[in-house]
Amino acid sequence: MLKHKLAELLAQAATRAQQSGKLPAVTLPEVIMEHPQNPEHGDYASSLPLKLARAIGSNPLSIASDIVASIAPTSEVERVVVAPPGFINFTLSAGWLAGQVSSILEAGASYGNIEIGQGRRVQIEFVSVNPTGPLHVGHGRGAILGSTLANALTAAGYRVEKEYYINDAGSQMDAFYRSLYARYRQCRNKEAEMPEDGYFGQYMIDLAREIVDQQGDEFLNLPEKEALEKLGQVGLDRMVGEIRADLERLGVTFDVWFSERSLYKNGQYDEVISLLKQRGHISEKEGATWFVSTALGEDKDNVVIRSDGSPTYFATDIAYHYDKFLKRKFDTVINIWGADHMGHVSRMKAVIGALGIDPEQFKVIISQMVTLRRGGEIVRVSKRSGDIVTLRELVDEVGTDVCRFFFLCRSADSQMDFDLELAKKQSADNPVYYVQYAHARIASILRLAQEKGIDYRDGDVSLLTAEPELALIRKMLLLPELVETIATTLEPHHLTYYAQDLATVFHSFYKQCRVVSADEALTWARLKLVEAAKTVLSRALHLMGMTAPERM
RNA sequence: GCGCCUAUAGCUCAGCGGACAGAGCAUCGGUCUUCGGAACCGAGGGUCGUGGGUUCGAAUCCCUCUAGGCGCGCCA
């Protein structure tokens with residue numbers, strides 16, 4: 001990547017200046033290249049001289065000149081200048097920029113891919129909602145975050161596995177099974193009372209009815225325990241199926257659907273508990289079994305096995321992560337949790353440490369709450385009462401692309417309002433359409449060229465010298481850096497801003513530069529540029545899991 | 001009480017150690033005989049929540065305070 005090459009160039013120059021005695025031999029800080037906001041300052045800039053000034057004890061401007069004097073010339077860079085108070089600014093050569101159009105076309109759909117992942121295995125677990133009810137709007141955010149991040153990490157050269165953890169054990173599932181059984185019996189006019197901690201949503205009644213329709217009284221005459229088990233399994237399978245279908249409509253898919261119950265069946269749960277016991281992290285008190293996290297700097301200890309002998313959610317999550325790291329041996333594990341899991345983070349980090357895993361390998365992204373609104377009115381959601389707006393309803397009404405872009409355009413750290421009215425509006429000021437329109441517009445130009453039978457394969461990109469053309473190329477060249485940023489910071493929201501910027505420079509170019517004109521050579525060159533722009537815009541859209549329409 | 005997140009233009013949000021703080025929407029004013037006007041160009045609008053500190057340099061790092069959110073269960 002050019003950014004790294006320039007940083008390397010600078011570091012070498014500084015070292016050379018030191019060897020020749022022009023600069024004192026202080027240790028060099030990491031060289032950071034940035035993009036100046038003011039175009040007059042060039043394409044890349046570094047404040048290395050300012051950072052060195054203190055250690056060296058001399059004027060940053062003269063340090064800058066000494067370094068610049070030692071920079072090896074390179075074809076990408078047209079000029080390097082020193083600017084007060086001590087910046088070194090690089091301006092790329094127009095010829096090199098124009099040449100990049102060919103490189104982009106050559107890379108095609110793989111443009112933007114980088115190698116920093118080096119094939120390391122990353123697992124990203126997200127959504128993982130209890131299958132006790134349909135997904136609601138809030139779950140969509142984690143789903144989009146996760147699937148987009150997975151796309152970006154794949155582009156960055158990681159081997160990514162997306163996983164959904166099915167909480168098919170535990171007390172909430174018990175409540176679900178008992179609720180379903182009650183609704184099922186009621187549906188057949190049998191006496192049954194909903195459990196107090198049950199799920200009262202309409203969807204439970206619908207679910208029971210569907211099961212009656214398809215399997216009749218099959219579970220009615222079984223002993224309660226057996227009925228709960230068998231009916232429960234049917235209900236669970238159906239719920240998971242619906243969740244999977246809802247996610248697929250959002251363009252979200254998983255490589256692995258991991259069952260919590262399997263952790264008991266396959267022994268990971270027993271293994272990890274005895275491992276923790278061995279290492280002295282477990283103690284018994286008040287009739288329960290505890291993970292002694294206070295010894296690891298936590299505020300309090302946490303129960304892993306209740307006094308009735310049943311494991312807590314925390315216990316199974318320990319076993320689950322033991323499996324991720326020590327059984328399946330992922331290099332990095334990323335979990336996307338909702339803000340309501342905040343309290344789970346630090347104790348899980350403590351567990352990771354106790355298992356002897358490098359905490360750097362374990363990343364948690366907390367996605368903040370989504371407040372749903374209809375116009376100005378806040379919609380309260382509660383799964384228990386069944387007062388929810390489902391994710392499916394949202395996707396049906398606003399479409400996958402709008403949905404994805406909407407969820408993606410805010411950083412995970414900040415809470416967001418999702419205004420249903422606004423999202424449903426297919427108005428022109430919707431940024432989704434703005435970006436996609438740029439793509440459709442490009443497609444239309446290429447279509448026109450094809451209809452006219454223009455063959456631009458031999459177009460000479462060095463004819464691209466106008467400022468709007470170069471501005472477009474400059475923006476296109478940012479995609480690999482963006483992929484790197486996202487893979488490093490795990491912040492996919494930058495994609496939405498990039499896509500809008502790219503669309504803007506394209507529209508601006510389009511306004512100023514006629515593509516298909518009487519000038520044949522220039523037409524060919526510009527068609528190449530336009531095709532490259534389509535490649536990059538389409539890649540950006542695909543990374544976000546959106547479509548790149550040929551017409552709209 | 002403790003922990004985490006948030007506070008930036010009228011609104012919704014980027015920026016998170018560098019050169020005059022950005023975008024979209026909204027407002028106002030321009031562009032339209034040509035490849036898709038779902039477009040382009042321009043203007044106004046901000047003491048970056050408060051008060052300190054670190055630094056050559058702070059919206060960005062540290063501390064105080066204020067406001068909002070989430071968490072602190074033998075729930076998940």
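The chains referred to below are lettered A, B, ... by the order of the sequence lines, with proteins before strands, and numbering in each begins at 1.
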Exercise for the section: Return yes if a side-chain donor-acceptor contact under 3.5 Å exists between Tyr456(A) and Glu531(A), otherwise no. Expected result: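 Yes, side-chain donor-acceptor contact under 3.5 Å.
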Problem - Nucleotide of U34(B), C40(B), A19(B) approaching Arg514(A) most closely (side-chain heavy atoms) - result: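 So the nucleotide nearest the side chain must be U34(B).
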Handout entry: Out of C75(B), A19(B), A14(B), whichever nucleotide has its closest atom nearest the side chain of His41(A)
Key =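 Closest nucleotide to the His41(A) side chain: A19(B).
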Handout entry: Pairs satisfying salt bridge (charged side-chain N to carboxylate O under 4.0 Å, His left out), at least one member in residues 488-509 of chain A, at least two apart
Key =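 Residue pairs with at least one partner in residues 488-509 of chain A: Lys475(A)-Asp501(A).
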Exercise for the section: Would you mind listing every salt bridge (charged side-chain N to carboxylate O under 4.0 Å, His left out) that reaches into residues 478-487 of chain A, with sequence neighbours excluded? Expected result: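 Of all non-adjacent pairs touching residues 478-487 of chain A, none passes salt bridge (charged side-chain N to carboxylate O under 4.0 Å, His left out).
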If you look at every strand shown and take non-hydrogen atoms under 4.0 Å, does [X] touch a base, only sugar-phosphate, or nothing?
| X | value |
| --- | --- |
| Glu550(A) | base |
| Asn38(A) | base |
| Glu34(A) | sugar-phosphate |

Practice task
Would you write the dot-bracket representation of RNA chain B, where each base gets (, ), [, ], | or . depending on whether it forms a Watson-Crick or G-U pair under 3.5 Å and with which partner?
Solution key: (((((((..((((....[...)))).(((((.......))))).....(.(((..]....))).))))))))....
Exercise for the section: Under the ring pair (Phe, Tyr, Trp, His ring centres under 6.0 Å) rule, collect the residues that match up with Phe362(A), sequence neighbours excluded. Expected result: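 Phe362(A) satisfies ring pair (Phe, Tyr, Trp, His ring centres under 6.0 Å) with His321(A) once adjacent residues are dropped.
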Quick one: side chains of residues 340-348 of chain A, donor-acceptor pairs under 3.5 Å with protein atoms, not counting sequence neighbours, listed by atom name and distance.
| from | atom 1 | to | atom 2 | distance (Å) |
| --- | --- | --- | --- | --- |
| His341(A) | NE2 | Tyr313(A) | OH | 3.4 |
| His344(A) | ND1 | Arg347(A) | NE | 3.0 |
| His344(A) | ND1 | Arg347(A) | NH2 | 2.9 |
| His344(A) | NE2 | Asp317(A) | OD2 | 2.6 |
| Ser346(A) | OG | Glu298(A) | OE1 | 2.8 |

Practice task
Ignoring hydrogens and angles, tell me if any N or O in the side chain of Asp401(A) forms a donor-acceptor pair with the backbone of Thr547(A) under 3.5 Å.
Solution key: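 Yes; at least one donor-acceptor contact below 3.5 Å.
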Side chain to side chain contact (heavy atoms under 4.5 Å, CB included) against [X], all qualifying residues, sequence neighbours excluded:
| X | result |
| --- | --- |
| Glu40(A) | Asn38(A) |
| Lys285(A) | Trp290(A), Asp301(A) |
| Ser538(A) | His439(A), His542(A), Ala548(A) |

Problem - Residues in salt bridge (Lys or Arg N to Asp or Glu O under 4.0 Å) contact with Glu34(A), at least two apart in sequence or another chain - result: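 Glu34(A) satisfies salt bridge (Lys or Arg N to Asp or Glu O under 4.0 Å) with no other residue.
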Practice task
For U47(B) and A43(B), measure between their C1' atoms and round to the nearest Å.
Solution key: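 So the two C1' atoms sit 23 Å from each other.
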Handout entry: Rounded distance in Å between the C1' positions of C13(B) and U8(B)
Key =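 One C1' to the other, the span is 9 Å.
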When you measure from the side-chain N and O atoms of [X] to the phosphate of [N], is any distance below 4.0 Å, counting only OP1 and OP2?
| X | N | result |
| --- | --- | --- |
| His507(A) | C41(B) | no |
| Ser171(A) | A76(B) | yes |
| Gln37(A) | C20(B) | no |
| Tyr434(A) | C40(B) | yes |

Handout entry: Euclidean distance, atom CD1 of residue Ile442(A) to atom C1' of A38(B) [Å, nearest integer]
Key =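 It works out to 15 Å between those atoms.
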Exercise for the section: Starting at atom CD1 of Ile32(A), determine the distance to atom P of G57(B), rounded to an integer number of angstrom. Expected result: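 Checked: the CD1 to P distance equals 18 Å.
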Exercise for the section: Report yes or no: is there a donor-acceptor pair, N or O only, under 3.5 Å between the side chain of Asn89(A) and the base of A19(B)? Expected result: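 When only heavy-atom distances are counted, Asn89(A) does reach the base of A19(B) through a donor-acceptor pair under 3.5 Å.
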Please tabulate, one pair per line, all N/O donor-acceptor pairs under 3.5 Å involving side-chain atoms of residues 405-416 of chain A, not counting sequence neighbours.
| from | atom 1 | to | atom 2 | distance (Å) |
| --- | --- | --- | --- | --- |
| Ser411(A) | OG | Ser414(A) | OG | 3.3 |
| Ser414(A) | OG | Ser411(A) | O | 3.3 |

Problem - Contact residues, residues 523-530 of chain A to RNA chain B [heavy atom, < 4.0 Å] - result: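 Within residues 523-530 of chain A, no residue comes under 4.0 Å of RNA chain B.
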Exercise for the section: Compare the aromatic ring of Phe87(A) with the six-membered base ring of A19(B) and state whether they stack according to the 5.5 Å and 30° rule. Expected result: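 Per 5.5 Å and 30° rule: yes, stacked.
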Problem - Annotated protein contacts, base or backbone, on nucleotides 66-74 of chain B with a non-hydrogen cut-off under 4.0 Å, one of B, S, - each - result: --BSSSSSB
